Amino acid sequence: MRARVPPAANGAYERIHAYVRRIPRGRLSTYGAIARAVGASGPRQVGYAMHALQAGSAVPWHRVLNAQGRISLPGTAGERQRERLAAEGVLPGRGGRYDLPRLGWIAPEK
DNA sequence: CGGCTGACTCTGG
DNA sequence: TCCAGAGCCAGCC
């Protein structure tokens, strides 16, 4: 069974979590954008950082989508993500795609 | 240290 | 718009 959520990991995880925590309610971001923003090695590491989150975490992981504006998280977990987004007024357009150009958020330079 | 997997992305047909 | 292939990389066995 995959990724057993290693506790410590590295500083990159903390930067990623901190960044995601800054995403405003009702806005979205992507794995790739976050990776570039925090200087992570790549989009996959962001995905790992999300996977490492515990239930009840303060990190709004549901606001993170893939570059195509779609939910990457498979299965029921993906459905929960969709519900969480809907709960804050973020709804997918046609084909389950979200309007990234409109709702995408990037942390201000400084 | 080798091999496999995956909450990615990009390019091309 | 959908699908395949390739590149990339960290974590686990």
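It should be emphasised that the depicted structure is a prediction, and the values quoted were computed from it without experimental measurement. The sequence lines fix the lettering, A, B, ..., with proteins before strands; numbering per chain opens at 1.
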Taking the side chain of A/R70 as heavy atoms from C-beta outward, which of B/dT5, C/dC2, B/dT9 is closest to it?
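Selected nucleotide: C/dC2.
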Compare the minimum distances between each of B/dC10, C/dG11, B/dA7 and the side chain of A/A67, then state the nucleotide with the smallest one.
B/dC10
If every non-hydrogen atom of [X] is compared with every non-hydrogen atom of [Y], which pair is closest and at what distance?
X	Y	result
A/L103	A/R27	O-NE, 3.1 Å
A/S29	A/Y19	OG-CE2, 4.2 Å
A/P43	A/A35	N-CB, 3.8 Å

Under a 3.5 Å limit on both distances, the Watson-Crick or wobble mate of C/dC8 is none
Kindly compute the distance separating OH (A/Y98) from CD (A/Q68), expressed to the nearest 0.5 Å.
14.5 Å
Rounded distance (Å) that lies between atom [atom2] of [N] and atom [atom1] of [X]:
X	N	atom1	atom2	answer
A/Y48	B/dT5	OH	P	12 Å
A/L100	B/dC8	CG	P	15 Å
A/R94	C/dC2	CZ	P	8 Å
A/M50	C/dA10	CE	P	16 Å
A/L73	B/dA7	CG	P	8 Å
A/R84	B/dA7	CZ	C1'	14 Å
A/Q45	C/dC12	CD	C1'	16 Å
A/Q68	C/dC3	CD	P	11 Å

Are A/E83 and A/H62 linked by a side-chain donor-acceptor pair shorter than 3.5 Å?
no
Under 4.0 Å between any heavy atoms, over every strand shown, what does A/R97 touch: base, sugar-phosphate, or nothing? Just pick one.
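Contact class for A/R97: sugar-phosphate only.
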Any A/I23 side-chain heavy atom under 4.5 Å of A/L28 side chain:
no
With a 4.5 Å limit on heavy-atom distance, are the side chains of A/L65 and A/I71 in contact?
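When only atoms from C-beta onward are counted, A/I71 and A/L65 do touch, with a gap below 4.5 Å.
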Does anything in residues 20-44 of chain A come within less than 4.0 Å of DNA chain C? Heavy atoms only, and list the residues if so.
A/S41, A/R44
